[in-house]
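Notes follow the structure.
FYI, side chains are in, hydrogens and waters are out, and symmetry mates aren't considered; it's all heavy atoms of this structure. Fair warning: this is a prediction, and the values are worked out from it, not measured in the lab.
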Amino acid sequence: MTTRPDCLPMPARFWAKVRVTPGCWLWLASTTRGYGVFGLDGKTPLAHRVSWELHNGPLPAGKWVLHRCDNPSCVNPDHLWLGTHADNMADMAAKRRGRQGHPSGTKAYHAKLTAEQVTTIRALRAANVNQRAVARQFGVCRGTVQDITQGRTYADV
């Protein structure tokens with residue numbers, strides 16, 4: 001006879017949702033924006049915060065739990081560190097990550113274009129090829145071509 005997962009003590013219930021690997025410890029249950037969430041006392045705190053507290057105790061006021069590995073689903077306490085919102089923004093800028101800490105440009109999971117295509121789009125626009133024609137050629141909208149040309153997107157290329 002097996003024990004129902006919801007009857008387990010909280011730490012056991014938490015760790016039952018984690019796959020430990022030699023690097024990141026991956027959250028296997030529910031996520032929001034790539035970050036694990038864990039049902040706890042009628043709330044859904046972020047899983048990496050729960051992991052931090054399981055290993056280190058309560059979070060100090062005003063502190064955030066940040067990822068060294070930049071993997072939002074990681075709950076490995078060795079990959080987590082405490083910082084402020086400003087620390088998180090500075091880390092994001094230093095590592096050239098996108099908005100809210102997620103990969104951007106060609107590294108984004110939803111990227112439609114390769115680095116080569118982005119380079120070609122910029123070259124075509126530099127040669128004054130019409131934005132709509134370039135957009136049609138690459139199957140994107142005109143605004144995407146404009147954002148690429150002005151460096152608002154695909155800044156990693």
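- Arg68 is not listed as a side-chain neighbour of Leu80, based on a closest heavy-atom distance of 4.5 Å or more.
- Partners of Thr84 according to the side-chain hydrogen bond (donor to acceptor under 3.5 Å, both in side chains) rule, which considers only residues two or more places apart in sequence or in another chain, are Asp87.
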Only pairs under 3.5 Å count here: list side-chain donor-acceptor contacts from residues 38-54, not counting sequence neighbours, and write none if there are none.
| residue | atom | partner | partner atom | Å |
| --- | --- | --- | --- | --- |
| His48 | NE2 | Val65 | O | 3.3 |
| Ser51 | OG | Val75 | O | 2.5 |
| Glu53 | OE2 | Leu59 | N | 3.4 |

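- The environment of Gln150 atom CD is dense: over 12 non-hydrogen atoms of other residues, nucleotides or ligands sit within 6.0 angstrom.
- Legend: residues meeting ring pair (Phe, Tyr, Trp, His ring centres under 6.0 Å) with Trp15, ordered by chain and number and at least two apart, are Trp25, His55.
- Nearest heavy-atom pair across Asn71 and Cys24 is ND2-SG, 3.6 Å.
- Applying the side-chain hydrogen bond (donor to acceptor under 3.5 Å, both in side chains) rule to Asp147 yields the partners Arg152; only residues at least two apart in sequence or on another chain are considered.
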Side chains of residues 134-146: which donor-acceptor pairs under 3.5 Å do they make with residues two or more places apart or in other chains?
| residue | atom | partner | partner atom | Å |
| --- | --- | --- | --- | --- |
| Arg142 | NH1 | Gln131 | OE1 | 2.9 |
| Arg142 | NH1 | Gln146 | OE1 | 2.9 |

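- Hydrophobic clustering, with ILVMFWY side chains joined whenever heavy atoms are under 4.5 angstrom apart, keeps Tyr35 apart from Trp64.
- Partners of Asp78 by salt bridge (charged side-chain N to carboxylate O under 4.0 Å, His left out), not counting sequence neighbours: none found.
- Arg122 is listed as a side-chain neighbour of Ile148, based on a closest heavy-atom distance under 4.5 Å.
- The two residues Pro60 and Leu82 have their closest heavy-atom pair at CD-CD1, 3.7 Å.
- The side-chain contact (heavy atoms from CB on, under 4.5 Å) test applied to Thr119 returns Val157, not counting sequence neighbours.
- With sequence neighbours excluded, the residues forming a side-chain contact (heavy atoms from CB on, under 4.5 Å) with Ala12 are Leu8, Pro9, listed by chain and number.
- When hydrophobic clusters are built by joining Ile, Leu, Val, Met, Phe, Trp and Tyr residues whose side-chain heavy atoms come closer than 4.5 Å, directly or via intermediates, Val118 is grouped together with Leu124.
- Pro58 pairs by the side-chain contact (heavy atoms from CB on, under 4.5 Å) definition with nothing, not counting sequence neighbours.
- Here the side chains of Asn76 and Thr21 are not in contact, with every heavy-atom distance at 4.5 Å or above.
- Not counting sequence neighbours, the partners of Ala29 by the side-chain contact (heavy atoms from CB on, under 4.5 Å) test are Lys17, Trp27.
- Contact record, His79 with Cys74: ND1-SG, 3.4 Å, taken as the closest heavy-atom pair.
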